[in-house]
Amino acid sequence: MNLEQALSDHIASAIETLYGSNTQPVKLERTNPDFAGDYTFVVFPLLRLSKSTPEATANAIGESLKENAPIVSDFNVVKGFLNIVLNTQIYADFLKDNWNNASFGQTSIGKGKKVMVEYSSPNTNKPLHLGHVRNNLLGVSVANLYKTAGYDVVMANLVNDRGIHICKSMIAWQKFGNGETPESTGMKGDHLVGKYYVIFENALREETLPTIESALTGNWTPEGDIAQTKYAAIYGQLQQATEEKQISKLKDDIKELVRNQSPLMRETQQMLRDWEAGLPEVISLWQTMNAWVYSGFEKTYARLGVSFDQYYYESNTYKLGKDVVDEGLQSGVFYRKADGSVWIDLREDGLDEKLVLRGDGTSVYITQDIGTADLKFQQHQVDQSIYVVGNEQDYHFKVLFLIMKKLGRPFANGMHHLSYGMVDLPSGKMKSREGTVVDADDLVQEMVDEAKAKTIELGKTEGLSESELNHLYESLGLSALKFFILKVDPRKRMLFNPQESIDFQGDTGPFIQYTYARIQSILRSAGEGDWQTSEINSALLPMEIETIQTLYRYPEEVNKACNESSPAVICQYAIDLARTFNRFYNECHIMRETDPIVKNTRLKLAYHTAHTLKHALGLLGIEVVERM
RNA sequence: GACCUCGUAGCUCAGCUGGAUAGAGCAACUGCCUUCUAAGCAGUAGGUCACAGGUUCGAAUCCUGUCGGGGUCGCCA
């Protein structure tokens, strides 16, 4: 029986006997730490019913509770706030029942339900950066949250392995690569391919520089009527434009036009056509370079603790969705324009018209996503599908989900976009063109190096072997990184300052790990013993009660985190628990305590805390360390 | 231009389904290691919750407007 529920019921019946029928549900809050009490009931909304002052109403309910509810030991009233103190026996009982409950923290809100979490979804033309790190860590953690809440989870990765961006790396490697391979250079495959992507962009910039200059001053004649009209239109706008933002956008548009007509880009576009036509040389090069990238990604994923049950490749799925477009045309959800392109009108839903198939019958981004959605649900029979994708695609997913609903897909209501904010640098957004990306591999390595330096500086690890030490540095470094990222609300954008290193003190992963290691040290010296079977002291001290109360909250927090798809909830909780325990640790001795019952109770409390911290860190994809 | 989103301490973030005196961490300053790990604990200082209205017993939280940051509105993905 849930404590809060029991208390609510008691209050409800107290109100009923005192004032007659009460229609409003009883809302309880945790008592503000500055006041005495465990739960607080706010009586203001009841005044109409009680026809009395706030104080009198609160006192009347309090008296009634004290008399009739065995779980209530005392109460106090401050203005309209009824602070209820629970019987400490309840906390002793809770500890007794749960201290070595191995499944404490697992819940059942997702029992019998299946969910797919799609995340990572990298492009195979360059290595992963800090933005991907946030995506991956969120994906893993959200999947863990669903698992621990009882869901059956499929972790999926939709790899963007085709398209013009891949061809750029391929062209550059063909032209300037001199047959370089990961083996010949000793470079990680994804970094090697990324290097050629950068080389391509540089070559393109150099090649188009003179043309862009003339184009920006109106002295350029693009090839083809369409391009000429477009250029004329943009250039016309540019001359009218006054706003700085608009000017730079129009300039970018012109640059884009010029680039698209450059010889290098044409070559790249031709390669994409050859790829789609299945030209063996192109396919073979594509396979070779993709393989390099995958082997690089594998290393990064492994180090981050990221894994998948199901891979989808866009090279396989990019033609999906066309059948659905036909289906939608027949049912009248979509319509065809004169040029043969297919559209959906979403204006009634506050959105725009949206293209779902080009006039030449080829797919656009959303066509694939429509098809892939069907595929996912057919293949795995999931009840829900979570897309972990950046918030720049909010509109896209709004449209996608609406389309699936209009197509009458029963699963449409189970589709969710976990829209996370970008990771910004102090200078603003990360831009690969400007070389301001924070590389994932570099970042992880820096964190591990820093963990090593910090550990050596503290010098508390004698007796550990070389490999144990390396494992420790890895755990601590990744813990700091993961916690730093997961601590903030996924929906918000966050700032990362490469100049200031990520902390190992305060609200950090290592702080939680430290608290765990500290407890392990105590448990090691306690060993196996009669403390495990001893009875529980029910005359608990305030600090002990507070720690137990924090533990008691954990399953609720897990459910909250799961419902909100927010690992940040777990981070905040873990900080709270670790801090509370550390205060308890400072105030109450464990091994030095002479009363055996008190000592044994505290050992159980420590044990339970350690288990909960380990479970919470596990949800975040962070491992605990036994010593540090 | 339209729509979405954010604005809380010097910095990074909690709190937001309305409740009491707005909380942490970092940075600064003070204390606490002959007693279970000081990656810790206790404390000092730091706030016009962007601004202006509104809703009500009560607003950081809900509504409207203004200002500021970011994003989207491609037959790119």
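Since this is a predicted model, take the numbers as computed values, not measurements. When reading the values below, keep in mind they use all heavy atoms of this one structure, side chains included, and skip hydrogens, waters and symmetry mates. First the proteins, then the strands, lettered A, B, ... as listed; each starts at 1.
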Task: Secondary structure of RNA chain B in dot-bracket form (Watson-Crick or G-U wobble, distances below 3.5 Å, | marking inter-strand pairs) - done: (((((((..((((.....[...)))).(((((.......))))).....(((((..]....))))))))))))....
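Sequence order on RNA chain B of the closest nucleotides to A/Met591 and A/Ala578 puts A/Met591 first from the 5' end. Nearest-nucleotide assignment on RNA chain B puts the 5′-proximal partner with A/Gly350, out of A/Gly350 and A/Ala517.
Of the possible polar contacts, none joining the A/Asp349 side chain to the A/Leu351 backbone as a donor-acceptor pair under 3.5 Å is found.
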Open item on the list: Each nucleotide in nucleotides 10-21 of chain B should get exactly one letter: B, S or -. Can you fill that in based on protein heavy atoms under 4.0 Å?
Closed with: --SSS-B-SBBS
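With sequence neighbours left out, A/Tyr119 forms a side-chain hydrogen bond (donor to acceptor under 3.5 Å, both in side chains) with no residue at all. The side-chain hydrogen bond (donor to acceptor under 3.5 Å, both in side chains) search around A/Tyr607 returns none, not counting sequence neighbours. Shown here are the side chain to side chain contact (heavy atoms under 4.5 Å, CB included) partners of A/Ala227, two or more places apart in sequence or in another chain: A/Pro222, A/Gln261. With sequence neighbours excluded, no residue forms a side-chain hydrogen bond (donor to acceptor under 3.5 Å, both in side chains) with A/Asn260. Take A/Glu593 and apply the side-chain hydrogen bond (donor to acceptor under 3.5 Å, both in side chains) test, not counting sequence neighbours, and it matches A/Arg602.
The stretch residues 493-517 of chain A participates, sequence neighbours left out, in these salt bridge (Lys or Arg N to Asp or Glu O under 4.0 Å) pairs: A/Asp424-A/Arg493, A/Asp507-A/Arg579. Listed by first and then second residue, the salt bridge (Lys or Arg N to Asp or Glu O under 4.0 Å) pairs involving residues 510-529 of chain A amount to none (not counting sequence neighbours).
As judged by a 4.0 angstrom heavy-atom cut-off over every strand, A/Cys571 is placed among residues making no nucleic acid contact.
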Provide a list of protein-nucleic acid N or O atom pairs under 3.5 angstrom, restricted to nucleotides 74-77 of chain B.
residue, atom, partner, partner atom, Å
B/C75, O3', A/Arg358, NE, 3.4
B/C75, N4, A/Asp339, OD2, 2.3
B/C76, OP2, A/Arg358, NH2, 3.1
B/C76, O5', A/Arg358, NH2, 3.4
B/A77, OP1, A/Arg358, NH2, 3.4
B/A77, OP2, A/Tyr365, N, 3.4
B/A77, O3', A/Glu314, OE1, 3.0
B/A77, O2', A/Asn160, ND2, 2.6

Please tabulate the protein-to-nucleotide N/O contacts below 3.5 Å involving nucleotides 27-31 of chain B, giving atom names and distances.
none

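In this structure, the CG atom of A/Asp349 is 18 Å from the P atom of B/C73, given to the nearest Å.
Contacts between residues 449-462 of chain A and RNA chain B, defined by a heavy-atom separation below 4.0 Å, involve A/Lys454, A/Thr455, A/Leu458, A/Lys460, listed by number.
B/C41 shows a glycosidic angle more than 90° from 0 and is accordingly assigned anti.
OP1 or OP2 of B/A38 lies within a sub-4.0 Å distance of a side-chain N or O belonging to A/Arg518. Between A/Asn586 and B/G40 there is no side-chain N or O to OP1 or OP2 distance below 4.0 Å.
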